[in-house]
2 protein chains.
Amino acid sequence: MEEFAAVSGISRPTVSKYFNDPNSVRASTRERIEAALEKYDYRPNIFAMNQNRKLTKNVGIVVPYLADPFFAEIVRVIEQECIAAGFSPTVFSSHGQQEQEKSILDTLRSLKPAGVLLAPLGRSSDKSAIEDFCKNVPTVLFDSNLEGMGEAFVGSDNHSFVEQTVQYLSRTGAAPCFFEMRNPANPNANKRRNAYLEVMQSIGLEPNVVSIDGEGWGFEEIGRQGGLKVLKDGALATNTVLCSNDRLAIGFLSACYEMGLTVGRHEKCDLRVASHDDHPFSRFTCPSLTTAAHDYSAVSDCSVETLFRLIESGGKLGDRTETLFPARLIMRESA
Amino acid sequence: MEEFAAVSGISRPTVSKYFNDPNSVRASTRERIEAALEKYDYRPNIFAMNQNRKLTKNVGIVVPYLADPFFAEIVRVIEQECIAAGFSPTVFSSHGQQEQEKSILDTLRSLKPAGVLLAPLGRSSDKSAIEDFCKNVPTVLFDSNLEGMGEAFVGSDNHSFVEQTVQYLSRTGAAPCFFEMRNPANPNANKRRNAYLEVMQSIGLEPNVVSIDGEGWGFEEIGRQGGLKVLKDGALATNTVLCSNDRLAIGFLSACYEMGLTVGRHEKCDLRVASHDDHPFSRFTCPSLTTAAHDYSAVSDCSVETLFRLIESGGKLGDRTETLFPARLIMRESA
DNA sequence: AAGGAAAATTTGCGCGCGTAAAATTTTAAT
DNA sequence: ATTAAAATTTTACGCGCGCAAATTTTCCTT
C-alpha cells in the first residue's frame, strides 16, 4: 500500500481512506487513485485491514450441519444479503460436533467479526462456551434457540408448523401419528412434539407419538430404518403419518416404497405422509411432500436485519427479542 | 501475547515459538507456559499469526455450489482431513456465479493460504482470473478440470462412469438414451455426453441424446420440467433413460411420477432410469436410483494428499498430473 | 481580498504477531 | 574444570494496515 500510494502520488493513509469509503476523499484524489489502480492492480489485504479496525466488516455465519440442504440454502441467501450490505461473510459448519462448534467460536474471535449469526447445534452444544462467546461478540441466534443467549433470536414458530399440518390432516382424513427421533439433536424437534401433543388434545384427539432410535445427522437413513421397523411391526395406529421434519420424511417415504406401500392423499393410497420444513428436495420426492414451509426469506431477512441493527447499535440491543415466523402449509401429493 | 509472556516470565518470541510448535521450546519452558495458559486462558490471534508467516497453515476450499449436497458432502470430508493434518481450512462457495468466484480468489490471496483446493465453476469461470490465481497460489484443481491450470487435477473418470452404466443398461435391457442439459455449467457433463456417444458406437448401438433447456444450478427442477416435456412429447426413443447426473435424475423421476409412469428394473415397469454421481440422496429416491458412484473418499483423500505434497515441495510439483478415479456401479431399484 | 470554518490530507503511532540475527544458556567433549 | 558446539532465548525489526491528532488545502462568507 505504501508503494502503491507512492506511485499514485498520494499519502498512504489517504489511500486507506479511499478503500474504506471511496466517497470520503476528494473527487480529484479519487480519480488519481482509480487511475493508478488500473495500472498496478493493487488490492488491500483484508485481514491486515481488519486487524486494527474498530469495527470490521466481517460477519460470521455458523450452522450445525452444512451438508444439510436446508442449512446450505439458508446460508446461501444470508451470505448474499451480507455481501450486498458491504460485509464479508465467512461460513462455518459445526458438522454436528461440539468440538468443532467450539473451535469455530475460537476462530471467530480472532476474526474480530462485527457480528455473528449463529445456528447452534442445540442439545449437544457446549452451553457455557456459547454463553461466553455471546458476551464477547455481538451474536444473533437463529434457527434453534438457546435460552437467553445472544442478543436476539430469529426462527420459525414450531407450534404454527404443527398446528397447520395437524389441523389439515385431521380435517381431511385420519388424525396423524407423529414420527420422530427419540433423541433429536435439535431443540426444535422437542417443541414440535410438544406442539403435536397440545394440538391433538385441543381438538380432542388421541395423540400417538412414534419415536425411533438413531444418532447423528443422517436423518434420511434414520427415517428409513425407523420407517421399515415401524411398518413391519405394524406400530402405526393410523394411516396418516406426520414426520417431525422433511429429511426424516424422505427416509420414511423410501421405506414405504420398499414395503410396497403407496403414499398419497387419494383414497386408494395406503398412507398419507406429511412433514415440516419445506426442505429444498421435498417437492421432488415421489410423491411430492406435503409440508409446512419455513418462511425462508423472512427468517433470513430478519436475521440479517437484526444483526445489522445490533452492529449499528454497538453490539447491544435493549432487551433480547425472540422473533418467530409462522409456517405456510404447502399441499402437495403425499397428504 | 506481550502481557501473557510477561506474566509467564518468558519473552514473547519464545511464547510465539511455543504456539508454532510446543516441542521447539525446552521442557521446563513449556511447562511454565502451559501453567500460565491455565490461569489466563490466552489464545493467539490466528490472522495476526498468518500475517507474517512464511508459510501459513491456512488452506482454502472452493466449490461452485455448496447448496448442492454432492459438494457439501465432499467439502465436509476434505475439511476434516485438513483439520486432522493441522491446517485451518476455510470454505467458500461460488454460488454458481463468476463474480463470486473471482472475489473469492481475491479474498483467498490475502488469506495467504499454504494451498488451495479449487473446484471451479467450469464453463462460466473467468479462465484468465483463475490462471493468474494459480500462478500466485499453490492450487490443486478438483472435480472439474481446466486445461493446464493449477499444479494438479484430481477428479473422476467420466468415461468410466458412462461406460459402466451404458454397458449395464444395454446388457440388461434396452439401450439407454442420454438425458442432459443442453448447456451444462460443468465440463464433466460434456465429457459424459461424449463418452456416451463413444461407448454406444463401440458396442454398435444407435446413440440418442435428449438435450433439455435450462440455466443455472437448479438441476432438479430443470430435470423435472425437461422430463415432463420429453415424456409428453414422446421424445424418448427407448424405455431406458440415462441421466447425465443424479440431480437431473431426481427431477426426472419426479416427472415420471407425475405422469403416472412407473420406474424400475422389473418387467412391468414403464421406464428404467439410471444416472451418475451417487448423490447423497440417490438412495432415498423412489425407486432408489441406480447410478455410477464417485469414489468419494479416493477423490477427497487424493486431493488433500496432493495438496499436502504440493505445500511441502514449496508450491511447485514436477509436471502437472491429472488423477482420475473410476466409478463404481451402484445397482439399485430404478434400473 | 481577507478571514475563518470545514474538509481533506499527512504525520506518527500501534495492532498482534513472525523471524533473522545476536546474546545467552545448556550440553558435550576434552 | 575448561571450552567449543549446540540449543535455546532474547533483541530488534517489520508485516500491512487503521486511527487520532496535527497540518494543510479548499471553499465560503463578509
Side-chain angles (χ1 to χ4, degrees), chain A residues 1-34 36-37 40-58 86-88 106-114 136-137 314, chain B residues 1-34 36-37 40-58 86-88 106-114 136-137 314:
Chain A
M1 187 159 178
E2 196 87 53
E3 288 179 28
F4 174 77
V7 298
S8 325
I10 298 172
S11 79
R12 188 189 59 73
T14 304
V15 174
S16 164
K17 259 184 75 101
Y18 168 84
F19 280 109
N20 281 308
D21 178 8
N23 292 318
S24 68
V25 303
R26 204 176 312 162
S28 62
T29 311
R30 191 183 327 140
E31 280 164 21
R32 281 203 292 164
I33 293 180
E34 276 159 5
L37 225 41
Y40 305 92
D41 104 305
Y42 154 86
R43 53 198 71 203
N45 181 309
I46 306 181
F47 297 93
M49 287 174 68
N50 288 333
Q51 176 149 342
N52 303 330
R53 239 206 279 255
K54 277 289 191 306
L55 208 58
T56 74
K57 282 295 201 171
N58 292 336
F87 286 87
S88 303
D106 281 346
T107 304
L108 230 27
R109 291 200 202 200
S110 30
L111 239 182
K112 288 192 185 173
N136 292 288
V137 182
Chain B
M1 188 158 178
E2 195 88 53
E3 289 178 29
F4 174 76
V7 297
S8 324
I10 298 171
S11 77
R12 190 190 56 72
T14 304
V15 174
S16 164
K17 263 188 72 115
Y18 168 84
F19 280 109
N20 281 307
D21 177 8
N23 291 317
S24 68
V25 301
R26 203 176 315 163
S28 62
T29 313
R30 193 183 326 142
E31 280 162 23
R32 282 202 292 163
I33 293 180
E34 275 160 6
L37 223 42
Y40 306 93
D41 106 302
Y42 155 85
R43 51 198 74 203
N45 180 309
I46 306 180
F47 297 93
M49 287 175 69
N50 288 332
Q51 178 149 342
N52 303 331
R53 241 208 278 255
K54 279 286 188 309
L55 208 58
T56 72
K57 282 293 202 173
N58 292 336
F87 286 87
S88 304
D106 282 346
T107 305
L108 232 25
R109 291 202 203 200
S110 30
L111 238 181
K112 289 190 185 174
N136 292 289
V137 182

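- Between the CG atom of A:Asn52 and the P atom of C:dG14 there is a distance of 12 Å, rounded to whole Å.
- Of the two residues near DNA chain D, B:Asn23 and B:Lys112, the one whose nearest nucleotide lies more 5' is B:Asn23.
- With sequence neighbours left out, A:Tyr18 forms a ring pair (Phe, Tyr, Trp, His ring centres under 6.0 Å) with no residue at all.
- The CD atom of B:Glu2 sits 10 Å away from the P atom of C:dG16 (whole-angstrom rounding).
- Distance CZ (A:Phe47) to P (C:dC17): 16 Å, rounded to an integer number of Å.
- The distance between atom CG of A:Asn20 and atom P of C:dT9, rounded to the nearest whole Å, is 14 Å.
- Spacing between atom CD of B:Gln51 and atom P of C:dC15 amounts to 13 Å, rounded to whole angstrom units.
- Rounded to whole angstrom, the span from the CD1 atom of A:Ile46 across to the P atom of C:dC15 amounts to 23 Å.
- B:Thr14 meets the side-chain contact (heavy atoms from CB on, under 4.5 Å) test with B:Ile10, B:Ser11, B:Val25, B:Thr29; sequence neighbours excluded.
- Ring geometry, A:Tyr40 versus A:Phe4: the interplanar angle exceeds 60°, so the pair is classed perpendicular (tilted spans 30 to 60°).
- A:Thr56 places a side-chain N or O within donor-acceptor distance of the main-chain N or O of A:Lys112, the cut-off being under 3.5 Å.
- Between the OH atom of A:Tyr42 and the P atom of D:dC15 there is a distance of 13 Å, given to the nearest Å.
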Can you pull every protein N or O that's under 3.5 Å from an N or O on nucleotides 22-27 of chain C?
none

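- Taking 4.0 angstrom as the limit, B:Asn50 places none of its side-chain polar atoms (N or O) nearer than this to OP1 or OP2 of C:dC17.
- Residues passing the salt bridge (Lys or Arg N to Asp or Glu O under 4.0 Å) test with B:Arg26: none are found, sequence neighbours excluded.
- Judged by distance alone, the side chain of A:Arg12 and the main-chain N or O of A:Ala5 form no donor-acceptor pair under 3.5 Å.
- Closest approach to the B:Ala48 side chain among C:dC17, D:dG18, D:dG16 is made by C:dC17 (side chain taken as heavy atoms from C-beta onward).
- Across residues 5-18 of chain B, B:Arg12, B:Pro13, B:Ser16 each have a non-hydrogen atom less than 4.0 Å from an atom of DNA chain C (numbered order).
- Side chain B:Asn45 to base C:dC17: no donor-acceptor pair is found below 3.5 Å.
- A:Asn20 contributes a side-chain N or O that, together with a main-chain N or O of A:Ser16, makes up a donor-acceptor pair within less than 3.5 Å.
- Considering every non-hydrogen atom in both B:Asn58 and B:Asn50, the closest pair reads ND2-ND2, 2.8 Å.
- Nucleotides of DNA chain C nearest to B:Met1 and A:Ser28 differ in position, and the one nearer the 5' end is that of A:Ser28.
- Residues meeting the salt bridge (Lys or Arg N to Asp or Glu O under 4.0 Å) test with A:Arg32, sequence neighbours left out: none.
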